[in-house]
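Please read the structure below before turning to the comments.
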Amino acid sequence: MSRFKELQKNLFGGGTSNARQFGMIFTLLAIIVFFQVKTDGLTLTSGNLIALTQQYAYISILSIGMLMVIVAGHIDLSVGSVAAFTGIIVAKAITEHDVPWPLGILLGLVVGAAIGAWQGFWVAYVGVPAFIVTLAGMLLFRGGNQYIGDASTVPVPEGFREIGSGYLPEFGPNTGYNNWTLILGLLACLAVIWRELRARQVRQQMVGAEPSPLWIAILRMALMVAVIVFATLRFAGGRVGTSFPISGIILAVLVIAYSFYTRNTSGGRHIYAVGGNSRAAELSGVKLRRVNFYVMMNMSVLAALAGMIFVARSAASGPQDGNGWELDAIAAVFIGGAAVAGGLGTISGAIVGGLVMAVLNNGLQLIGTGSDKVQIIKGLFLLGAVALDVYNKKQGKFSIVGALTKPFRRDEPVTPAAAPVVERVADDKTPASN
C-alpha cells in the first residue's frame, strides 16, 4: 500500500475515526482561513478567540445533550425555553430571595432535572413522541419564563457572573502569558500523546488488530499538538485580565466526561443500540424506557446549565433568552456527522459542528453581513450537511473521503457498511467507537 493510501486510510477514515468528521474539520479550517483573510487577521486574534469561546460555549453544551437525544432517535425542541425558564428562576432566587449563588447553581440543575424527568416520563413511559412533548415544553416553559419574570430583566450578582464571563486567574512569575492557561495547554498536549500511545498499545495487544504505521501516529500527534500549542498561546496572550474562559473549562470537562461515557460504558452503548435498532436492542436486554428517560432528562439538565452560563455572561436574565437555541444545537449535531435516523454520531463531532456554526456566525458578523443573510447562509449549510448524510447512506458508507476518491479507485471495490448486530448489549465489554 502506498503512503498516500496509508495516510487516507489511517489518518482520515480508518480505525475509530469517521472520515466525515475529518471532512468537517477541514471545512472548519477552510472557514477560519477564509475569514482570517477577509477580516485582515481579526478572526484568530486573542480577543476574538476568547470572545468566541464565551459567546458560544452554551451552544456547544447544548449540542452534547442534543447529540445523545438524536442518537437515541428523538429530538428536543424545548432546550431554549428550558434554559430561559431555569435562568429566570435562578436569577430571582439569588437576587430577590438572597440565595447564595453557589446554591443558586445547584437549584438550577435541580430545576433542569425536574423538567427533564417530566418530559422523559411522557416520552419513555406514556409513549408520546419526543417531538410533541418538547414542542409543548417549548411553549410551556417559554410562558413560564415570562410569567415568573413578568417579562422583565432580572440582574445577577458579580460572583455568579464568573461562570459565564470569568477567566482563569493569574499566578506565578510574569511570563507574558497567563500561566494557568499555559499549564492547561501542556496538560492537553500530554493527554493527546498519552491517548495516541495508549491506543496503539491496545491495538497491538488485540488479536488480529493491526495498529496504524508509526509515522502516521507521529504525524497525527504532531498536528494535534501544534493546534493545541497555537490555541494555548492565543488564549494565554490576550490583554491583561483575560485568559481561557471559565465557561470553556466547564465545556471541556463536559466533553471529556460525556465522551468517556458514550464510548466506554454500557449506558453509552445502550443509547447507540436504541437509536440503531430499538427492537433488537430491547431483545438484547436494553431497557428502552430507562434509556429514553435518561437522554431526555440529561438534555434538560444541560439546557439548565447552558441557560445559567448565558445569564452569567449577560449579567441578567431576560424574556428573550434562549430564542432559537434548539435550532443551533440541532444544526451543530447534524453538521458534526450525526445521522438523521439516529444511532450514529459522536460528542467530538457535535463539538466540531458547533465550532463550524460559531466561526461561521462570528466571521459573518466581523465582515458586516446582515442578520438576514447570516440566517440564509446557516440554513444552506445545515441543508448541505444533511443532504451529504443522505447521499452517503445511499452509497452504503459514511466516508466523505471515500465519496471524493471513488471515481479514481479501481482496485478497491466499495462494499456497503454492515448493519449493526446487537448481541447482549448489556454484557458486551467492547468499547463503542466514537
Side-chain angles (χ1 to χ4, degrees), residues 45-67 79-80 82-84 86-88 90-91 94 101-102 104-109 112 155-170 178 180-185 187-188 228 231-232 234-239 241-259 298-318 321-322 324-326 328-329 332 347-348 350-359 361-362 365:
T45 60
S46 296
N48 189 61
L49 289 178
I50 291 171
L52 188 68
T53 302
Q54 289 182 322
Q55 289 173 4
Y56 296 100
Y58 65 92
I59 294 297
S60 295
I61 290 174
L62 288 176
S63 69
I64 293 173
M66 191 66 74
L67 182 276
V79 294
V82 171
T86 303
I88 194 64
V90 172
I94 295 175
W101 67 264
I105 294 176
L106 181 61
L107 172 64
L109 296 177
V156 291
E158 186 68 29
F160 182 79
R161 298 177 193 175
E162 285 296 308
I163 65 171
S165 57
Y167 306 94
L168 288 176
E170 301 287 346
N178 178 268
W180 276 122
T181 305
L182 294 178
I183 292 175
L184 185 65
L187 292 176
I228 293 173
T232 298
R234 287 278 126 175
F235 281 104
R239 62 179 175 81
T242 65
S243 58
F244 196 77
I246 298 298
S247 56
I249 297 292
I250 296 173
L251 173 61
V253 170
L254 291 175
V255 169
I256 294 172
Y258 278 92
S259 294
N298 177 74
M299 179 72 260
S300 292
V301 172
L302 291 180
L305 177 59
M308 289 187 287
I309 289 176
F310 181 82
V311 168
R313 184 178 183 276
S314 304
S317 174
D321 293 352
W325 289 10
E326 57 278 343
D328 288 332
I347 300 295
S348 58
I351 297 301
V352 170
L355 287 174
V356 168
M357 296 295 288
V359 173
N361 203 53
N362 175 260
Q365 291 176 355

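We're numbering straight along the sequence, starting at 1.
For Asp328, the salt bridge (Lys or Arg N to Asp or Glu O under 4.0 Å) criterion is met by Lys378, not counting sequence neighbours. Legend: residues meeting side-chain contact (heavy atoms from CB on, under 4.5 Å) with Ala188, ordered by chain and number and at least two apart, are Ile228. Applying the side chain to side chain donor-acceptor pair (under 3.5 Å) rule to Gln365 yields no partners; only residues at least two apart in sequence or on another chain are considered. Every residue meeting the side-chain contact (heavy atoms from CB on, under 4.5 Å) condition with Val255, not counting sequence neighbours, appears here in chain and number order: Ile64, Leu251, Ser259, Ile347, Ile351. Partners of Ala83 by side-chain contact (heavy atoms from CB on, under 4.5 Å), not counting sequence neighbours, listed by chain and number: Trp325. Residues passing the ring pair (Phe, Tyr, Trp, His ring centres under 6.0 Å) test with Trp180 are Phe171, sequence neighbours excluded. For Ala91, the side-chain contact (heavy atoms from CB on, under 4.5 Å) criterion is met by Val154, Val156, Ser317, not counting sequence neighbours. Every residue two or more places apart in sequence or in another chain was checked for a side chain to side chain donor-acceptor pair (under 3.5 Å) with Arg313, and none qualifies. With sequence neighbours excluded, the residues forming a salt bridge (Lys or Arg N to Asp or Glu O under 4.0 Å) with Arg161 are Glu158, listed by chain and number. Residues that satisfy the side chain to side chain donor-acceptor pair (under 3.5 Å) test with Ser60, not counting sequence neighbours, are absent from this structure. Annotation: ring pair (Phe, Tyr, Trp, His ring centres under 6.0 Å) contacts of Phe235 (sequence neighbours excluded): Phe244. Every residue was checked against the side chain to side chain donor-acceptor pair (under 3.5 Å) condition with Asp321, not counting sequence neighbours, and none meets it.
Exactly one of Leu109, Thr86, Val82 qualifies for a side chain to side chain contact (heavy atoms under 4.5 Å, CB included) with Val301. That residue is Leu109.
When all heavy atoms of Ala312 and Ser165 are compared, the closest pair comes out as O-OG, 4.0 Å. The minimum heavy-atom distance between Glu162 and Ile246, with the atom names listed, is O-CB, 3.5 Å. Leu182 and Ala236 make their closest contact through CD2-CB, 4.0 Å (heavy atoms, listed as atom of the first residue, atom of the second, distance). Here the closest heavy-atom approach between residue Ala303 and residue Leu62 is recorded as CA-CD2, 3.5 Å. Summarising the geometry of Met66 relative to Glu326, their closest heavy-atom pair is CE-O, 4.4 Å, with the distance given to 0.1 Å. When every heavy atom of Ile61 is checked against every heavy atom of Leu302, the shortest pair comes out as CG2-O, 3.7 Å.
Residues Val90 and Val311 form no side-chain contact, since every pair of their non-hydrogen atoms from C-beta on lies 4.5 Å or further apart. Under the 4.5 Å side-chain criterion, counting only non-hydrogen atoms from C-beta, Ile309 is not in contact with Gln54. Between Tyr167 and Asn178, the closest side-chain pair of non-hydrogen atoms is not below 4.5 Å.
Interatomic distance, Ile183 CD1 to Thr232 OG1, rounded to the nearest 0.5 Å: 11.5 Å. A distance of 16.0 Å separates OH of Tyr258 from OG of Ser348, quoted to the nearest 0.5 Å. In this structure, Arg234 CZ and Ile50 CD1 are separated by 10.5 Å, a value rounded to the nearest 0.5 Å.
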Q: Please test Met357 against Ile59 for side chain to side chain contact (heavy atoms under 4.5 Å, CB included), starting from the C-alpha separation and ending with a verdict.
A: CA-CA 10 Å; Met357 296 295 288; Ile59 294 297; over 6 Å; no

Q. What's the verdict on side chain to side chain contact (heavy atoms under 4.5 Å, CB included) for Val359 and Leu52, showing C-alpha distance, side-chain angles and the deciding distance?
A. CA-CA 8 Å; Val359 173; Leu52 188 68; 4.0 Å; yes

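Ser247 places no side-chain N or O within 3.5 Å of a backbone atom of Ile163 that could act as its donor or acceptor partner.
With hydrogens and angles left out, the side-chain atoms of Asn362 and Tyr56 include no donor and acceptor closer than 3.5 Å.
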